[in-house]
Amino acid sequence: AQSVTQPDIHITVSEGASLELRCNYSYGATPYLFWYVQSPGQGLQLLLKYFSGDTLVQGIKGFEAEFKRSQSSFNLRKPSVHWSDAAEYFCAVAEGGSNYKLTFGKGTLLTVNP
Amino acid sequence: KAGVTQTPRYLIKTRGQQVTLSCSPISGHRSVSWYQQTPGQGLQFLFEYFSETQRNKGNFPGRFSGRQFSNSRSEMNVSTLELGDSALYLCASSLGPGAEQFFGPGTRLTVL
């Protein structure tokens with residue numbers, strides 16, 4: 001069965017600093033990979049996704065992620081964090097085709113210090 | 001275009017009762033998925049509907065059920081509520097199976 005591990009439960013960074021959130025997945029075939037963000041009391045917003053092709057994907061709000069098959073990783077990065085980026089971030093993997101469903105990691109809570 | 005709407009946003013029930021949650025997908029979307037979010041278990045897939053048919057189901061007891069109507073709106077029902085059913089229930093819609101999912105704001109269910 002597919003699974004997702006986000007090793008960091010909580011990360012604190014200073015505003016303007018760079019950010020990297022880690023995500024490792026377990027899945028037999030080529031996965032569909034996603035990063036979502038959730039602000040308090042809100043639903044999930046898709047930041048970016050990887051289906052195939054270029055392993056470096058660009059998303060909204062200045063985020064990017066790199067798919068590394070050899071490391072089974074899909075880490076999320078941002079060069080300069082803004083206070084409004086404080087939220088919880090979820091990595092997810094999905095099977096493709098007719099058996100499509102999302103399996104989420106436990107999330108990483110990001111705190112941004114002024 | 002309006003997003004995914006979920007009603008009600010907040011709900012308080014007592015153990016043993018049943019509850020029905022509603023989800024209206026984005027116009028034109030025919031697939032609806034439901035997820036349960038709790039602090040302990042995180043986000044877990046409940047089920048997916050497409051064209052009024054359940055296509056996929058997560059590992060939840062039979063107390064959890066759902067359905068989809070011809071206009072793609074979906075409801076999920078939880079019977080004989082338990083304290084552990086307290087959670088944020090999220091609905092997501094997409095054009096079809098395998099397409100990008102758009103999430104609603106969720107329904108916060110509290111079971112006392």
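So you know, we letter chains A, B, ... as the sequences are listed, proteins then strands, and number each from 1.
The one candidate from A/Asn24, A/Leu33, A/Val93 that meets the side chain to side chain contact (heavy atoms under 4.5 Å, CB included) condition with A/Val4 is A/Val93. Of the candidates A/Tyr25, A/Phe90, A/Phe67, A/Phe51, A/Phe51 is the only one forming a ring-ring contact (aromatic ring centres under 6.0 Å, His included) with A/Phe34.
Using a 4.5 Å cut-off between heavy atoms, B/Arg9 touches chain A through its side chain atoms alone. Contact annotation for A/Leu44: both backbone and side-chain heavy atoms come within less than 4.5 Å of a heavy atom of chain B. Only the side chain of A/Gln38 comes within contact range of chain B, judged by heavy atoms closer than 4.5 Å. Neither the backbone nor the side chain of B/Gln6 comes within contact range of chain A; no heavy atoms are under 4.5 Å apart.
Heavy-atom neighbours of chain A within the stretch residues 69-93 of chain B, taken at a separation under 4.5 angstrom, comprise B/Leu88, B/Leu90.
A donor-acceptor pair shorter than 3.5 Å can be found between the side chains of A/His10 and A/Thr111. Judged by distance alone, the side chains of B/Tyr35 and B/Gln101 do bring a donor and an acceptor atom under 3.5 Å apart. Looking at A/Gln2 and A/Thr103, their side chains do bring a donor and an acceptor atom within 3.5 Å of each other.
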B/Phe45 vs B/Phe60, ring-ring contact (aromatic ring centres under 6.0 Å, His included): CA-CA, chis, key distance, verdict
CA-CA 9 Å; B/Phe45 172 78; B/Phe60 278 82; 8.8 Å; no

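The hydrophobic cluster containing B/Val4 also includes B/Ile26, B/Phe102, under a criterion of side-chain heavy atoms closer than 4.5 Å among ILVMFWY residues, counted directly or through chains of members.
For the pair A/Ile11 and A/Leu21, the minimum side-chain heavy-atom distance is below 4.5 Å.
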